[in-house]
Amino acid sequence: MELFTPDFGLVFWMFIAFIILFLALAKWGWPMIIKNMEKRADIIDKGVEYARSAKDQLDNARAEAQKYVAEAQKQQAEMLRDAAKMKTQIIEEARKEASSEAQKVMDAAKLSIEQSRKEAELQFRNEVSKFSIEIAEKMVRQEMKTDKAQAELVNKLLDEIEKN
């Protein structure tokens, strides 16, 4: 069983080699490994912090973008309302103007009709009076053919003038 039980010298030198290796690793290896692990942990922490700040900035940017979109929609709605008001106002003004123009045209037509009616009436009166004078002249000529009839008419007119 010699193969399975090592000599004391072998165990001693293995123990010495282990101690030397352990001391070398403890002096130079472990501090370097721990230092690198701490650097790596710092880098990871900084990355996490950077990711958090980027997420916060993204959230703020989204909120601000939503605010701008809401404001733009509000302005758009306001502009549409203003445009609708302007449209109705323009239509109303056009209707009023059209009514005013129609009223002016109707008034001018009424005035023209009234003037035409008065002219026709005046012309009719002139024609009637002309015909009346012609008829009266013919009647007076017929009745005044004799001197006696003329004298009677003159006397009658003079009597009427004296009474008035």
Side-chain angles (χ1 to χ4, degrees), residues 1-139 164:
M1 278 261 294
E2 231 176 81
L3 285 174
F4 294 112
T5 58
D7 272 341
F8 175 73
L10 180 66
V11 172
F12 175 74
W13 286 113
M14 284 178 74
F15 183 71
I16 295 289
F18 177 75
I19 294 288
I20 291 173
L21 181 65
F22 182 77
L23 289 176
L25 284 177
K27 175 130 178 127
W28 292 292
W30 292 116
M32 189 66 108
I33 291 172
I34 290 175
K35 182 179 169 186
N36 285 338
M37 286 178 62
E38 287 176 355
K39 281 183 185 177
R40 175 108 178 164
D42 287 344
I43 291 172
I44 290 172
D45 288 343
K46 286 179 183 177
V48 168
E49 189 63 34
Y50 176 74
R52 284 184 186 153
S53 70
K55 183 182 178 289
D56 290 342
Q57 288 177 353
L58 181 63
D59 290 342
N60 289 339
R62 281 185 182 156
E64 193 170 328
Q66 286 176 348
K67 184 175 79 172
Y68 286 137
V69 166
E71 186 176 326
Q73 287 174 344
K74 181 181 173 184
Q75 287 177 350
Q76 179 187 18
E78 188 175 320
M79 291 172 87
L80 288 173
R81 278 193 302 270
D82 290 345
K85 284 181 184 178
M86 286 176 61
K87 180 185 86 170
T88 55
Q89 184 180 12
I90 288 170
I91 289 172
E92 189 63 33
E93 287 176 4
R95 282 184 183 156
K96 286 180 181 178
E97 192 173 312
S99 294
S100 174
E101 286 296 319
Q103 188 63 37
K104 286 179 183 177
V105 168
M106 287 178 58
D107 290 344
K110 285 181 183 178
L111 184 62
S112 176
I113 291 171
E114 184 65 27
Q115 287 177 346
S116 296
R117 186 186 64 79
K118 285 182 179 179
E119 287 177 7
E121 191 176 289
L122 182 62
Q123 187 178 5
F124 180 71
R125 283 184 181 174
N126 288 339
E127 291 289 323
V128 169
S129 63
K130 183 178 172 185
F131 287 134
S132 298
I133 290 174
E134 286 178 9
I135 292 172
E137 184 180 326
K138 287 181 182 178
M139 285 180 59
N164 290 335

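Keep in mind the model is a prediction, meaning the values are calculated, not measured. This chain uses plain numbering: 1 for the first residue, then up along the sequence.
Among residues two or more places apart in sequence or in another chain, the side-chain contact (heavy atoms from CB on, under 4.5 Å) test is passed with V128 by F124, S132. Partners of Q89 according to the side-chain contact (heavy atoms from CB on, under 4.5 Å) rule, which considers only residues two or more places apart in sequence or in another chain, are E93. In this view, Q66 satisfies the side-chain hydrogen bond (donor to acceptor under 3.5 Å, both in side chains) rule with no residue, not counting sequence neighbours. Residues that satisfy the side-chain hydrogen bond (donor to acceptor under 3.5 Å, both in side chains) test with E64, not counting sequence neighbours, are Y68. Listed by chain and number, the residues in a side-chain contact (heavy atoms from CB on, under 4.5 Å) with E119 amount to none (sequence neighbours excluded). Qualifying side-chain contact (heavy atoms from CB on, under 4.5 Å) partners for R125, counting only residues two or more places apart in sequence or in other chains: E121.
For residues 49-62, the salt bridge (charged side-chain N to carboxylate O under 4.0 Å, His left out) pairs, not counting sequence neighbours, are K55-D59.
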Show me, pair by pair, the donor-acceptor contacts under 3.5 angstrom made by side chains of residues 102-114, not counting sequence neighbours?
from : atom 1 : to   : atom 2 : distance (Å)
Q103 : NE2    : D107 : OD1    : 3.1
E114 : OE2    : R117 : NH2    : 2.3

Return all side-chain donor-acceptor pairs below 3.5 angstrom for residues 72-87, not counting sequence neighbours, or 'none' if the list is empty.
none

Which donor-acceptor pairs under 3.5 Å do side chains of residues 12-38 form with protein atoms, sequence neighbours excluded?
from : atom 1 : to  : atom 2 : distance (Å)
N36  : ND2    : M32 : O      : 3.4

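Between E127 and F131 there is a side-chain heavy-atom pair separated by less than 4.5 Å.
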